[in-house]
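The structure under discussion appears below in the form of structure tokens.
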Amino acid sequence: MAAQVSYSFQGKEFTIWNAEQLTAINRTKLKQRAMDIREHVGADRLPSMPQHPEELVRWIMDVQAGLMGREPAAFAAYAQPGRGHQQQQQQ
């Protein structure tokens, strides 16, 4: 059985990135991959996107897992519409 290389969320196909791939690219490309996910899913439905590269890699990995139905604890609270960075700021 071949490894899954992409997933679909609300009709859009996304590549599954692993930590090794994400840490090997430059900061600009890493940020663009995160912004592509955030733009399609909606910032209000996701945890705040960090700026530090190592944290951004973890954010992408967690969001991917959540969107594929493998919700990590960090993503679970944000998976519902109307939740996300705005709620996190209120806490």
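Numbers for residues simply follow the sequence, beginning at 1.
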>> With a 3.5 Å distance limit and no angle check, can you tell me whether Gln10 reaches the backbone of Val41 through a side-chain donor-acceptor pair?
In response: no
> Parallel, tilted or perpendicular: which fits the ring planes of Phe9 and His40, with parallel below 30° and perpendicular above 60°?
Replying inline: perpendicular
>> Return the CZ to CZ distance between Arg45 and Arg38, rounded to the nearest 0.5 Å.
In response: 15.0 Å
>> Looking at every non-hydrogen atom in both residues, tell me the closest pair between Ser8 and Glu13 and how far apart they are.
In response: CB-OE1, 4.0 Å
> What is the distance from atom CG of Asn18 to atom CG of Leu22, rounded to the nearest 0.5 Å?
Replying inline: 7.0 Å
> Hey, what do you get for CD (Gln64) to OG (Ser6), rounding to the nearest 0.5 Å?
Replying inline: 11.0 Å
> Which residues satisfy the salt bridge (Lys or Arg N to Asp or Glu O under 4.0 Å) test with Arg58, sequence neighbours excluded?
Replying inline: Asp62
All N/O donor-acceptor pairs, side-chain side in residues 27-36, below 3.5 Å, sequence neighbours left out:
residue : atom : partner : partner atom : Å
Arg27   : NH2  : Gln51   : O            : 3.1
Gln32   : NE2  : Asp36   : OD1          : 2.7

>> Would you compute the distance between atom CH2 of Trp17 and atom OG1 of Thr23 and round it to the nearest 0.5 angstrom?
In response: 12.5 Å
>> So, taking the atom named CD1 in Ile37 and the one named NZ in Lys12, what distance separates them when rounded to the nearest 0.5 Å?
In response: 10.0 Å
>> Using every non-hydrogen atom in the two residues, find where Trp59 and Pro47 come nearest and quote the distance to one decimal.
In response: NE1-O, 3.1 Å
> Got a second to check how far Met68's CE is from Ile16's CD1, nearest 0.5 Å?
Replying inline: 4.5 Å
